[in-house]
Student: 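Below: one structure in C-alpha cells.
Index from 1, following the sequence.
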Amino acid sequence: MLLVSAATAAAAPESQTPAIQAPAEKEPITPVPLPPAADPLRLALGERLFADPRLSHDGSLTCSSCHDIHSNGADGKKQRIARDGSRMPFNTLTVFNAALSFRLNWEGNLRTLETQTESSLENAANLATTANEVLKKLDADPEVVRQFTRAYGHRPDRTSLLDAIATYERSLVTPGSRFDRWLEGDTAALSAEEQHGYQLFKSLGCVSCHQGVNIGGNLFERHGIFHPLASPKPEILRVPSLRNVATTPPYFHDGSAPTLRKAVRKMAIAQLDETLSDQQIEAIVAFLNTLTGTYRGVPVTAAPP
C-alpha cells in the first residue's frame, strides 16, 4: 500500500517534516459517517411510515416491500414485476446510504429523498397512490395523528409526511465496514489480497467513477463505452454506489449480472476495455467484499432467496 514515511526531527526542521497521514486522508474514498442527528420523534414516525401499507393504494405494499432494511436495503430480484404484470425496467437499488448520493434512482432524475418518496407514492407500478390519499388514511387514525402532532406540532400534512420518511431514510447509513476501518487507520482490517484488490481497483481506473464516500453515486456515466454491458437504454445512468455491493446481487440496471465476479469481468471489458485474469477478478472481488457495513451494529446481509 501507499505508505507515507515521516522524517525524524533530527533529519529535518519540524516545518519541513511531512506529517504522517491516516489512509483516509490520502485516498479517493472516505468512510461512511454515522447517521446525522435527527429529532427522535420524527425518526420514529418515519420508520413507522416506511413499513405502513397505507402508503400504497390497495394496502398491498410498503416501502420496505422493495427495500428490506433487515437484509440489504433492496431485494434479490433481477427486476420487479409491476402491478400490471409487466417487468419493470430497473433493478431495485438499495436504500442504504442513498442519502449520501448526489442524485437518486438509476437515471438520477430525482434530487431529494422527499421528491423520491413522492415519486414512489405516485408511480403506478409502485405504491400507486398520492400523498393526499395517504393523508386521508393517516388522518383517520388517532394514534398516528397523535404521533404527527408530537413530532411536528400539527396533524399529518404533505410536508410532514414526506419529511418524516426522508428523515428516517437519512438514518439508513451503514458505517463500520472493514474497508472503512482500514481507512481510519486499522492496518490489520484488510488482508494482503484485499489490499491488492483495492490497488487494482485504483490502477485499472474503476475508481474514476467509483469514489467518494459512497464509492459512486456522485456522477453520471455512459455505460458500454468500449463494449456492450447490459440493456442499451438508457445510455446514461447515475453511477451506483458500491457500498454493501457484495450483498446486492444481481447487478447492473437490468439485473443481468448474477454474481459479483461476472459483474467485475463485464465492467472491465465494457468500461475499461480490459480483459482481467481470474486472479485479478478474485482480488477485486475480495476488496469489494470489504465494503459491507453495518446497520444498527449488525452487518448488512444479502436478501433472502
Side-chain angles (χ1 to χ4, degrees), residues 38 41-99 101 103-152 154-172 248 250 253-255 295 302-305:
L41 295 176
R42 296 182 181 187
L43 189 62
L45 176 58
E47 183 170 6
R48 175 177 183 164
L49 294 170
F50 197 81
D52 194 327
R54 288 173 293 189
L55 266 67
S56 65
H57 175 68
D58 61 4
S60 65
L61 291 176
T62 69
C63 301
S64 56
S65 298
C66 300
H67 299 286
D68 180 12
I69 61 161
H70 300 294
S71 61
N72 63 4
D75 56 30
K77 299 178 177 67
K78 180 178 179 180
Q79 291 163 295
R80 286 185 52 242
I81 302 301
R83 290 174 176 273
D84 63 2
S86 62
R87 188 175 295 276
M88 297 184 70
F90 295 112
N91 175 255
T92 301
L93 286 164
T94 179
V95 72
F96 284 135
N97 304 305
S101 292
R103 299 285 190 276
L104 301 167
N105 291 356
W106 276 104
E107 294 177 286
N109 57 330
L110 298 169
R111 291 173 177 263
T112 70
L113 291 168
E114 290 84 354
T115 56
Q116 193 278 333
T117 297
E118 189 158 31
S119 175
S120 292
L121 289 174
E122 296 176 348
N123 189 324
N126 289 332
L127 298 171
T129 185
T130 64
N132 286 337
E133 181 180 28
V134 171
L135 289 169
K136 289 179 182 178
K137 297 176 186 176
L138 299 179
D139 204 48
D141 184 334
E143 175 52 35
V144 170
V145 171
R146 281 193 292 271
Q147 199 168 357
F148 267 93
T149 302
R150 288 194 297 267
Y152 289 96
H154 53 72
R155 302 177 76 89
D157 63 8
R158 176 183 172 278
T159 300
S160 57
L161 169 68
L162 300 179
D163 179 76
I165 296 171
T167 296
Y168 173 60
E169 290 179 338
R170 290 187 187 97
S171 78
L172 299 177
T248 58
H253 63 282
D254 61 354
Y295 176 59

Student: Does any N or O in the side chain of Asn91 come within less than 3.5 Å of the main-chain N or O of Lys78, such that one atom is a donor and the other an acceptor?
Tutor: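 It does hold such a pair.
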
Student: For the CG atom of Asp139 and the CZ atom of Arg155, what is their distance to the nearest 0.5 Å?
Tutor: 4.0 Å

Student: Any luck finding a side-chain donor-acceptor pair between Ser120 and Thr117 under 3.5 Å?
Tutor: no

Student: Go through Asp52 and Leu138 one step at a time and tell me if the side chain to side chain contact (heavy atoms under 4.5 Å, CB included) criterion holds.
Tutor: CA-CA 10 Å; Asp52 194 327; Leu138 299 179; 4.0 Å; yes

Student: Can Ile69 and Phe50 be said to form a side chain to side chain contact (heavy atoms under 4.5 Å, CB included), step by step?
Tutor: CA-CA 10 Å; Ile69 61 161; Phe50 197 81; 4.1 Å; yes

Student: Say you draw a straight line from NE2 of His70 to OH of Tyr295; how long is it, rounded to the nearest 0.5 Å?
Tutor: 8.5 Å

Student: Run the salt-bridge test on Glu169 and Arg42 with the 4.0 Å N-O cut-off and return the result as yes or no.
Tutor: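 Not counted as a salt bridge, because no side-chain N and carboxylate O are separated by less than 4.0 Å.
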
Student: Do you know the tightest heavy-atom contact between Glu118 and Ala131?
Tutor: OE2-CB, 4.0 Å

Student: For Asp68 versus Pro304, what's the shortest heavy-atom pair and its separation?
Tutor: OD2-CD, 4.3 Å

Student: Can a side-chain donor-acceptor contact be found between Asp157 and Tyr152 if the only test is distance below 3.5 angstrom?
Tutor: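 Per modelled atom types, Tyr152 and Asp157 side chains form no pair under 3.5 Å.
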
Student: Using only heavy-atom distances, determine whether the side chains of Asn132 and Thr130 contain a donor-acceptor pair under 3.5 Å.
Tutor: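 No.
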
Student: Would you call Lys136-Glu133 a salt bridge at under 4.0 Å N-O?
Tutor: no

Student: Does Arg54 pair with Asp141 as a salt bridge, N-O distance under 4.0 Å?
Tutor: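 Yes.
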
